[in-house]
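Here's the structure, in C-alpha cells; my notes come after.
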Number of protein chains: 2
Amino acid sequence: MVRKPTSKESARKPNMREAILAAAEELFATNGFNAVSVRDIAQAAGANPGSVTYHFKTKDGLLLEIYRRHCGPMNLRRSELLAAAKRVRDLQDRLEAIVRAYVVPAFTSGSDLAGGGARFTRLRAVMSAEGNEVARKIIAQTFDDTSHAFIDAIHESLPHIPRTDIVWRSHFLLGALYYSLVTPDRVSRLSRGEADGSDAAGAIEQLVQATVAAFQAPALDQAAPTRRRPVVSSKT
Amino acid sequence: MVRKPTSKESARKPNMREAILAAAEELFATNGFNAVSVRDIAQAAGANPGSVTYHFKTKDGLLLEIYRRHCGPMNLRRSELLAAAKRVRDLQDRLEAIVRAYVVPAFTSGSDLAGGGARFTRLRAVMSAEGNEVARKIIAQTFDDTSHAFIDAIHESLPHIPRTDIVWRSHFLLGALYYSLVTPDRVSRLSRGEADGSDAAGAIEQLVQATVAAFQAPALDQAAPTRRRPVVSSKT
DNA sequence: ATGTGATTTGTACTATCGTACAAAAGATCA
DNA sequence: TGATCTTTTGTACGATAGTACAAATCACAT
C-alpha cells in the first residue's frame with residue numbers, strides 16, 4: 001500500500017532530510033565528528049551542502065537531531081525490557097534478563113531505522129571518546145536515569161555486592177559494548193577468522209555471558225588495604 | 001648531579017621536542033586527533049607552530065612518534081609480567097596474574113614518563129574510536145603479537161573454554177579498560193561520589209576482579225542453536 | 001494556470017587548517 | 001672570535017572548513 005504523503009513529510013526527492021541524517025550518522029560513527037565535513041555528508045546523501053544548513057542550521061544541530069531521533073525509542077525499549085526482566089523469579093535468570101535488556105537495544109534498533117541501533121551506539125562510543133560537548137550534555141541528561149535504573153535492578157538481584165562494584169562492572173559492560181561496535185574486525189583478526197566480530201547476535205551472547213559472570217564475581221573487600229592477592233614481580 | 005647534555009639531546013629551552021610530544025599526547029587523548037590543531041599543540045607546549053613541523057615534519061609524523069615512544073616499553077613490560085605470571089602454579093592465581101600483567105602496564109607507565117601509561121592508553125582508545133589510519137597500522141603490527149600471547153596464556157589456564165570465547169572476553173577487557181580511561185567521571189557520577197573513576201589503583205582492582213570472573217564463565221555452547229536461555233518479551 | 005510556501009541549488013565569505021620556507025637566534029668548537 | 005650546525009621564529013600560501021544567502025526549483029491548493 002503506497003501512501004500519498006499528506007503534505008510536509010516528503011521533499012522533492014524521497015525524504016532528503018532523512019538521507020542526510022542517515023549519511024551523517026554513518027560517517028560520524030565511523031570517522032568521528034571532526035573528521036567529517038558538512039560537504040562529505042551532503043555528498044554521501046546526494047544532497048547539496050546548503051541543504052544541510054537549511055534542515056539543521058549547524059553541524060552541531062545535525063548531531064543533536066541524530067541523538068534526539070534515537071534516544072527516546074532506545075530508552076523506551078530498554079525500560080520495557082527492564083520491567084519485564086524484573087518480573088523474572090529466579091535470581092540468576094533475572095540478572096541475565098536485566099543484562100540482556102541493557103545490551104539488546106544497543107545492538108538492535110530502538111526505532112524503525114534499519115540497523116540503526118548498532119550504528120547509533122557506535123556513534124555514541126565515538127563521540128564519548130572524542131569528548132564531544134554536544135554529546136556529553138545529551139548523554140548525561142538522557143541516559144543517566146536509565147543507567148541508574150539498571151544499576152539498581154542489578155543491585156537488587158545481587159544484594160551482597162556493594163553498589164560501587166555494580167557501578168564499576170556496569171561501566172565495564174558499556175565499555176565492552178562500545179568497543180565491540182567500534183572495532184569488530186579485531187575480534188575476527190585475533191580469533192583467526194573463527195569468530196565474526198560484526199555478527200550482532202554472537203556478540204550479544206558473548207557479552208551477556210561474560211558480563212553476568214563479571215557481575216556475580218565476589219565483592220572487592222575494600223576494607224582491607226593490605227594486599228591479599230598474589231603479586232608478581234616485574235623482574236624476570 | 002646535573003649532567004651537561006652531551007650534544008644534541010637538549011635544545012635551547014629544556015627539551016622543546018619533549019614538551020611538544022607531551023602536549024600533543026594530552027590534547028590528542030582528550031579531544032581526538034582532528035579536533036586538535038598543530039597551533040593548539042604548539043601553544044600548549046609553549047612553542048612555535050613551525051617548531052612542530054621542524055621536529056616531526058607532519059601532524060601524522062607527530063602521532064607516529066608518540067606511538068613509537070610508548071609501544072616498545074609498554075610491550076616489554078607486559079612481556080615481563082606475563083612471563084612471571086605464567087610461572088604461577090595455582091591456576092586461579094595464574095589467571096589473575098595474567099590479567100593483571102595485561103592491565104597494569106596500560107594504567108601505569110611503561111616508560112619513565114609520569115602518568116604516561118594511562119595517557120597513552122587513553123590516546124589509543126580515542127584513535128581506535130576515530131578509526132585513525134596511522135594508529136590502526138601501528139596497533140595491528142605492534143600489539144597483535146602481544147594480544148595473541150595473552151590469549152594463549154589465558155587459554156592455557158582455562159583449557160575447557162574455546163579459544164573463540166577467550167578472544168571475545170579479552171576484547172571486552174580491552175574495551176572496558178579503554179572506556180575506564182576515557183570517561184572516568186561517569187563512574188564517579190553514577191556511584192554518586194562513592195567511587196573515584198580516576199583512581200587508577202581502584203580501577204585496576206575492579207577491572208581485574210570482574211575480568212577474571214568473566215574469563216571463568218562457562219563456555220558458550222555454540223553447538224546448540226536452539227535457545228536454552230530465558231527470553232523476556234518486549235511487551236509490558 | 002497560477003500563486004504561495006517549502007526546499008534545493010549555487011556561490012561566496014571569513015576563519016582556520018597543515019605545511020613550507022627564509023631569516024633570526026642559539027649552541028658548539030676550531 | 002668567527003665558522004658552522006641546530007633550533008626557533010615569523011610569515012605566507014593554498015586548501016578546506018562552517019555557514020550565510022539569494023536565486024532557482026518544486027509541490028500543491030486554489
Side-chain angles (χ1 to χ4, degrees), chain A residues 2-25 27-28 30-66 126-127 130 132-135, chain B residues 2-25 27-28 30-67 127 130 132-135:
Chain A
V2 179
R3 183 177 57 90
K4 186 143 155 242
T6 53
S7 77
K8 60 173 51 179
E9 74 186 272
S10 129
R12 183 171 351 166
K13 299 291 178 61
N15 249 357
M16 182 56 87
R17 192 186 138 98
E18 293 298 325
I20 293 172
L21 277 170
E25 219 175 282
L27 288 173
F28 286 158
T30 50
N31 301 103
F33 184 77
N34 294 287
V36 177
S37 71
V38 173
R39 287 167 176 82
D40 291 336
I41 297 166
Q43 186 170 20
N48 189 284
S51 200
V52 178
T53 309
Y54 170 73
H55 283 292
F56 307 100
K57 199 64 186 172
T58 68
K59 199 183 171 190
D60 277 355
L62 173 56
L63 182 64
L64 203 73
E65 183 56 29
I66 292 174
V126 176
M127 293 303 119
E130 284 187 320
N132 185 287
E133 267 309 310
V134 177
Chain B
V2 177
R3 182 177 58 92
K4 183 140 160 247
T6 53
S7 78
K8 61 174 51 179
E9 74 185 273
S10 127
R12 180 172 351 164
K13 299 290 178 61
N15 247 358
M16 183 57 86
R17 191 186 138 97
E18 293 298 325
I20 293 172
L21 276 170
E25 218 175 284
L27 288 172
F28 286 159
T30 50
N31 300 104
F33 185 76
N34 294 286
V36 177
S37 72
V38 173
R39 287 167 176 85
D40 291 337
I41 297 167
Q43 185 170 20
N48 189 284
S51 200
V52 178
T53 309
Y54 170 74
H55 283 292
F56 307 100
K57 201 63 187 172
T58 67
K59 198 182 170 190
D60 277 354
L62 173 55
L63 181 63
L64 203 73
E65 183 55 31
I66 292 175
Y67 273 83
M127 293 304 119
E130 284 186 319
N132 186 288
E133 266 309 309
V134 177

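This is a predicted model, so every value here is computed, not measured. Chain identifiers are assigned alphabetically (A, B, ...) following the order of the sequence lines, protein sequences preceding nucleic acid strands; residue numbering begins at 1 within each chain.
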Roughly how many Å is it from [atom1] in [X] to [atom2] in [N], rounded to a whole number?
X	N	atom1	atom2	value
A/Lys59	C/dT16	NZ	C1'	13 Å
B/Asn15	D/dT7	CG	P	10 Å
B/Arg17	D/dT9	CZ	P	16 Å
A/Leu62	D/dA17	CG	P	15 Å
A/Asp60	D/dG18	CG	P	10 Å
B/Tyr54	D/dT6	OH	P	7 Å
A/Gln43	D/dA17	CD	P	11 Å
B/Phe28	C/dG18	CZ	C1'	12 Å

Self-check item: Closest listed nucleotide, where the reference is the side chain of B/Met16 and the choices are D/dT8, C/dA20, C/dT9
Solution: D/dT8

Quiz item: What are the residues of residues 33-41 of chain A, sorted by number, that bring a heavy atom to within less than 4.0 Å of DNA chain C?
Solution: A/Arg39

Quiz item: For C/dT8, does either OP1 or OP2 sit under 4.0 Å from a side-chain N or O belonging to A/Asn48?
Solution: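 No, outside the criterion.
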
Quiz item: Is the distance from OP1 or OP2 of D/dT6 to the nearest side-chain N or O of B/His55 less than 4.0 Å?
Solution: no

Quiz item: Taking atom CD of B/Glu25 and atom OG1 of B/Thr30, what is their separation to the nearest 0.5 Å?
Solution: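 Going from CD on B/Glu25 over to OG1 on B/Thr30, the span is 11.0 Å.
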
Quiz prompt | Distance (rounded to the nearest 0.5 Å) between B/Phe56 CZ and B/Leu63 CG | solution = 11.0 Å

Practice problem: Pick out which of B/Asp60, B/Leu62, B/Leu27, B/Val134 makes a side chain to side chain contact (heavy atoms under 4.5 Å, CB included) with B/Phe33. | Solution: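 So the option named by the test is B/Asp60.
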
Quiz item: Quick one: which of A/Lys59, A/Arg17, A/Lys57 gives a salt bridge (Lys or Arg N to Asp or Glu O under 4.0 Å) with A/Glu65?
Solution: A/Arg17

Exercise. Applying side chain to side chain contact (heavy atoms under 4.5 Å, CB included), name anything that partners B/Ser37, two or more places apart in sequence or on another chain.
Key: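 B/Ser37 satisfies side chain to side chain contact (heavy atoms under 4.5 Å, CB included) with B/Arg39, B/Asp40 only.
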
Taking distance alone, no hydrogens or angles, what donor-acceptor pairs closer than 3.5 Å link side-chain atoms of residues 43-52 of chain B to residues at least two apart or in another chain?
| residue | atom | partner | partner atom | Å |
| --- | --- | --- | --- | --- |
| B/Asn48 | OD1 | B/Gly50 | N | 2.9 |

Quiz item: Side chain of A/Asn132, backbone of A/Ala135: donor and acceptor closer than 3.5 Å?
Solution: yes

